[in-house]
Colleague: 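Structure in structure tokens, see below.
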Amino acid sequence: MNGPARPPGPKLPIVGALIMPGRDPLAIFTRFARDYGDIVQFNLSGERAFFINHPDYIRQVLVTDTAKYGKSRALERARKLLGDGLLTSDGAVHQRQRRHLQPAFHRAQIAGYADTMVEHAIRTTSRWADGATIDVSIEMMRLTLSIVGRTLFDVDVESKADRVGRALTGVLETFWLTLLPFSDLVEALPLRAVRTAVAARKDLDALIYEMVADRRRHPDAARMDLLSMLVRSESDQAGDGLSDGEIRDEALTLLLAGHETTANALMWTWYLLSQSPDVAAAVHDEVDRVLGGNRATADVTETLPCVTRVVTESLRLFPPAWSIGRRAKEPCVIGGYTIPARSLVFMSQWTMHRDARFYAEPGRFMPERWTREFRSSLPRYAYFPFGGGPRHCIGESFAWMELVLIVATIAQRWELELAPGHPVATQPLLTLRSRHGMRMTPRARVSPIGDVVSERLSSG
């Protein structure tokens, strides 16, 4: 396994965490790709690290050579929050967990969630007032939390949205602390940020354990939500059921992944539409024509190509999962370069999705680019908002349906304008948030169908 000693890269080390305050990992990865090419070596707090930015290399790490790579440092440290859930587990444990979770994401099961998604979208936006400014980032978090609570856990968590939102924000905004060298020592210090994160984790734990305890007290074989499946999980091998702690890990992982990522995708979609009046008009025309004032359903998503292209392009420009990391278990070769064992390997949806080799005018919002011909010509891992390989997002189909249904439902009744002077900046934490929220003004639509839209949506 002989290759060139090292690929190009910066001489000075990156000290601390890539996502620590004052550092912009999106800019760092973009500069790496621009200045050094498709494979870059750098030093991250004393560890040898590589950044790869070519679809073939990404496919090699995520698919072809996936057995040669394990969890990244970020996922290793994420165990402090998520435990040994699907996101942070590896190997046989990861496969066992996917087997327990998979029934909740079968095609027929997902289709059954559609009515709940649409109902909660209508309920959330019914509180909006024409011309009153709202923070769409908060609204979308509340909406997707209520959906994941009802569909996956069959509980009403909407009333707890503020509590959950504060807890998740407290954890995510201090996550960079866990990536620092000697993080265990740092977390032992009496810092306000540390106390906030610890309290937030306890609050999230309490919420999950309350749901698990209630489900165990009131078992019902007819309930097909994910939490019920986990509680009564059985397999052909005795003793393969899940403990309360294991259920907590899975539930918290899916609570985070199931609403945080989708909420951010929706927020960025509304922002992009607000900056593209022609595209927004095309979306409104399509939902008026296809839905005719009726509620969207699972089967109708196939007849909303404009909405689907908008969501696809939004996930390209602002992917909620903006980077993936792996750690080499053994020496590997990528692009002719040797990757030593224990090295960190990073790839970024943010930079890959904005690569001019694959996307004309990569920084421009162009949903029309997503023709069938373009899709077929695009290398597989030039676009990977949900990851890939054995660890690809188990809820991808769930997320696609949810995004299309929510955009279509809200677009039936509302237009959203960015509040004048509102600053827009990315905040790459575990997911791609907006640093200043997203203050927008909803405007009630006067559609060709008139008041029929409101009447039909409200009545179902």
Colleague: In terms of relative ring orientation, are Trp322 and Phe29 parallel, tilted or perpendicular, with 30° and 60° separating the classes?
Modeller: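 Tilted.
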Colleague: Decide yes or no for Tyr337 and Ile334: does some side-chain heavy atom of the first lie under 4.5 Å from some side-chain heavy atom of the second?
Modeller: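 Side-chain contact under 4.5 Å: no.
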Colleague: With side chain to side chain contact (heavy atoms under 4.5 Å, CB included) as the criterion, how do Arg391 and Leu62 come out once you've worked through the C-alpha distance, each side chain's angles and the decisive distance to 0.1 Å?
Modeller: CA-CA 8 Å; Arg391 298 185 67 93; Leu62 296 183; over 6 Å; no
Colleague: Go through the steps for Val404 and Leu304 under the test side chain to side chain contact (heavy atoms under 4.5 Å, CB included), then give the verdict.
Modeller: CA-CA 8 Å; Val404 171; Leu304 295 170; 4.2 Å; yes
Colleague: Using modelled atom types only, decide if a donor and an acceptor are shared between the side chain of Trp268 and the backbone of Leu432 within a distance under 3.5 Å.
Modeller: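 Confirmed, Trp268 side chain pairs with Leu432 backbone.
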Colleague: Side-chain contact, heavy-atom cut-off 4.5 Å: Ile147 with His259?
Modeller: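 Counting from C-beta outward, Ile147 and His259 never come under 4.5 Å.
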Colleague: Ignoring hydrogens, what is the shortest heavy-atom contact between Ile110 and Ser397? Give both atom names and the distance.
Modeller: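 Looking at all heavy atoms of both residues, the shortest contact is CD1-CB, 3.7 Å.
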Colleague: Do side-chain atoms of His353 reach the backbone of Phe384 as a donor and acceptor pair under 3.5 angstrom?
Modeller: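 Indeed, once roles are kept as given, a pair shorter than 3.5 Å links the two residues.
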Colleague: With a 4.5 Å limit on heavy-atom distance, are the side chains of Ser323 and Trp350 in contact?
Modeller: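 Answer no - side chains too far apart.
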Colleague: Checking side chain to side chain contact (heavy atoms under 4.5 Å, CB included) for the pair His54/Arg357: CA distance, chi angles, key distance, verdict?
Modeller: CA-CA 10 Å; His54 191 281; Arg357 293 173 295 181; 3.7 Å; yes
Colleague: Salt bridge check, Glu119 against Arg150: does any charged N sit closer than 4.0 Å to a carboxylate O?
Modeller: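 Judged by the 4.0 Å cut-off on N to carboxylate O distance, Arg150 and Glu119 do not form a salt bridge.
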Colleague: Between CD of Glu402 and NE2 of His120, what distance do you get to the nearest 0.5 Å?
Modeller: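 Going from CD on Glu402 over to NE2 on His120, the span is 10.5 Å.
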Colleague: Output all residues satisfying ring-ring contact (aromatic ring centres under 6.0 Å, His included) with Phe398, sequence neighbours left out; order by chain, then residue number.
Modeller: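 In terms of ring-ring contact (aromatic ring centres under 6.0 Å, His included), with neighbours along the sequence ignored, Phe398 is linked to Tyr113.
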Colleague: Could you tell me which non-hydrogen atom of Ser348 sits nearest to which non-hydrogen atom of Thr351, and how far apart they are?
Modeller: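 For Ser348 versus Thr351, the nearest heavy atoms are O-OG1, 3.2 Å.
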Colleague: For Tyr271, give me all partners under ring-ring contact (aromatic ring centres under 6.0 Å, His included), at least two apart in sequence or on another chain.
Modeller: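 Applying ring-ring contact (aromatic ring centres under 6.0 Å, His included) to Tyr271 gives none.
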Colleague: What's the spacing between Asp154 CG and Met211 CE if we round to 0.5 Å?
Modeller: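 Answer for the CG-CE pair, Asp154 versus Met211, is 11.0 Å.
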Colleague: Can you tell me how far CE of Met117 sits from CE of Met401, rounded to the nearest 0.5 angstrom?
Modeller: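 Reported value, rounded in 0.5 Å steps: 4.0 Å.
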Colleague: So which atom in Ala296 and which in Leu405 form the shortest heavy-atom distance, rounded to 0.1 Å?
Modeller: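 Minimum heavy-atom contact is CB-CD2, 3.7 Å.
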Colleague: Quick one: closest heavy-atom pair of Val40 and Gly9, and the distance?
Modeller: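 Taking Val40 first and Gly9 second, the nearest heavy atoms are CG1-CA, 3.7 Å.
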Colleague: Would you call Glu368-Arg309 a salt bridge at under 4.0 Å N-O?
Modeller: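 Result for this pair is no, no salt bridge flagged.
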Colleague: Checking the side chain of Arg215 only, and the main-chain atoms of Phe153 only, is there a donor and an acceptor separated by less than 3.5 Å?
Modeller: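 Yes: the side chain of Arg215 pairs with the backbone of Phe153.
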Colleague: Do we get Arg354 above Phe365's six-membered ring, with its NZ or CZ under 6.0 Å from the centre and within 45° of the axis?
Modeller: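 No, Arg354 and Phe365 do not form such a contact.
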Colleague: Centre of Tyr359's six-membered ring, under 6.0 Å away, within 45 degrees of the axis: is that where NZ or CZ of Arg316 sits?
Modeller: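 Here Arg316 passes the 6.0 Å and 45° test against Tyr359.
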Colleague: Say whether, by atom type as modelled, one donor and one acceptor occur between the side chain of Glu47 and the main chain of Ser343 under 3.5 angstrom.
Modeller: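 No; zero donor-acceptor contacts below 3.5 Å.
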Colleague: Indicate yes or no: at least one non-hydrogen side-chain atom of Ser434 is less than 4.5 angstrom from one of Ser137.
Modeller: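 Answer no - side chains too far apart.
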Colleague: Looking at Arg326 and Asp65, does any basic side-chain N land under 4.0 Å from a carboxylate oxygen?
Modeller: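 Between Asp65 and Arg326 there is no salt bridge, as every charged N stays at least 4.0 Å from the carboxylate O atoms.
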Colleague: Over 60° means perpendicular and under 30° means parallel, so classify the ring planes of His422 and His436, tilted if in between.
Modeller: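 The rings of His436 and His422 stand perpendicular, inter-plane angle above 60°.
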Colleague: Has Asp225 got a side-chain atom pairing as donor or acceptor with Thr151's backbone, closer than 3.5 angstrom?
Modeller: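 Absent.
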Colleague: Suppose we call two aromatic rings close when their centres sit under 6.0 Å apart. Are Phe42 and Phe51 close by that rule?
Modeller: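 Phe42 vs Phe51: aromatic centres not under 6.0 Å.
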Colleague: Can any side-chain N or O of Glu286 pair as donor or acceptor with the backbone N or O of Cys306 at less than 3.5 Å?
Modeller: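 The answer is yes, because a donor-acceptor pair under 3.5 Å joins these two groups.
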Colleague: Measure across Ala251 and Ile208 and return the closest heavy-atom pair with its distance rounded to 0.1 Å.
Modeller: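 Shortest heavy-atom separation between Ala251 and Ile208 comes out as CB-CG2, 3.8 Å.
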Colleague: Which atoms form the tightest heavy-atom contact between Pro367 and Val279, and what is the distance?
Modeller: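 Smallest interatomic distance, heavy atoms only, reads CG-CG1, 3.8 Å.
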Colleague: Checking the side chain of His392 only, and the main-chain atoms of Gly389 only, is there a donor and an acceptor separated by less than 3.5 Å?
Modeller: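 Yes, the answer is positive, given that a donor and an acceptor are paired below the 3.5 Å cut-off.
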Colleague: I'd like to know if Glu260 and Arg433 make a salt bridge, using a cut-off of under 4.0 Å between side-chain N and carboxylate O.
Modeller: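 Yes, this pair counts.
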Colleague: As an exercise, state the distance from CZ of Arg342 to CZ of Arg327, rounded to the nearest 0.5 Å.
Modeller: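 If I round to the nearest 0.5 Å, the distance is 4.0 Å.
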Colleague: Just by modelled atom types, is the Leu273 backbone N or O under 3.5 Å from a matching donor or acceptor in the Ser276 side chain?
Modeller: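 Checked: no pair found.
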Colleague: Examine distances only and state if a side-chain atom of Ser314 and a backbone atom of Val310 form a donor-acceptor pair shorter than 3.5 Å.
Modeller: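 Checked: no pair found.
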Colleague: Tell me, do Arg443 and Trp414 make a side-chain contact under 4.5 Å, heavy atoms counted?
Modeller: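 Result no, sub-4.5 Å side-chain heavy-atom pair not found.
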Colleague: Would you sort out whether Asn53 and Met352 count as a side chain to side chain contact (heavy atoms under 4.5 Å, CB included), showing the intermediate values?
Modeller: CA-CA 6 Å; Asn53 193 58; Met352 193 75 266; 4.0 Å; yes
Colleague: For a 4.5 angstrom cut-off between non-hydrogen side-chain atoms, does Asp205 reach Arg248?
Modeller: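 SC-SC contact between Asp205 and Arg248 confirmed.
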Colleague: Can you check whether Tyr381's main-chain N or O pairs, donor with acceptor, with Arg59's side chain at less than 3.5 Å?
Modeller: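 Checked: no pair found.
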Colleague: Can you measure from CD1 (Ile138) to CG (Leu143) and round to the nearest 0.5 angstrom?
Modeller: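 Answer for the CD1-CG pair, Ile138 versus Leu143, is 13.5 Å.
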Colleague: Kindly assign one of parallel, tilted or perpendicular to the pair Phe386 and Trp400, based on the angle between their ring planes and the thresholds 30° and 60°.
Modeller: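 Tilted: the ring planes of Phe386 and Trp400 meet at 30° to 60°.
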Colleague: Does the side chain of Glu417 reach to within under 4.5 Å of the side chain of Ser274, using non-hydrogen atoms?
Modeller: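 Heavy-atom side-chain distance check fails, nothing below 4.5 Å.
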Colleague: Please name the residue in the list Asn264, Thr261, Thr262 that meets the side-chain hydrogen bond (donor to acceptor under 3.5 Å, both in side chains) test with Thr431.
Modeller: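 Exactly one pass, corresponding to Asn264.
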Colleague: May I ask you to check whether over 12 heavy atoms, not counting those of Arg372, lie within 6.0 Å of atom CZ?
Modeller: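 12 or below, so no.
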Colleague: If I take atom CD from residue Glu250 and atom CG from residue Leu230, how far apart are they, to the nearest 0.5 angstrom?
Modeller: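 Reported value, rounded in 0.5 Å steps: 6.5 Å.
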Colleague: Mind checking whether Ile339 and Ile39 have side chains closer than 4.5 Å, heavy atoms only?
Modeller: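 Ile339 vs Ile39: side chains touch.
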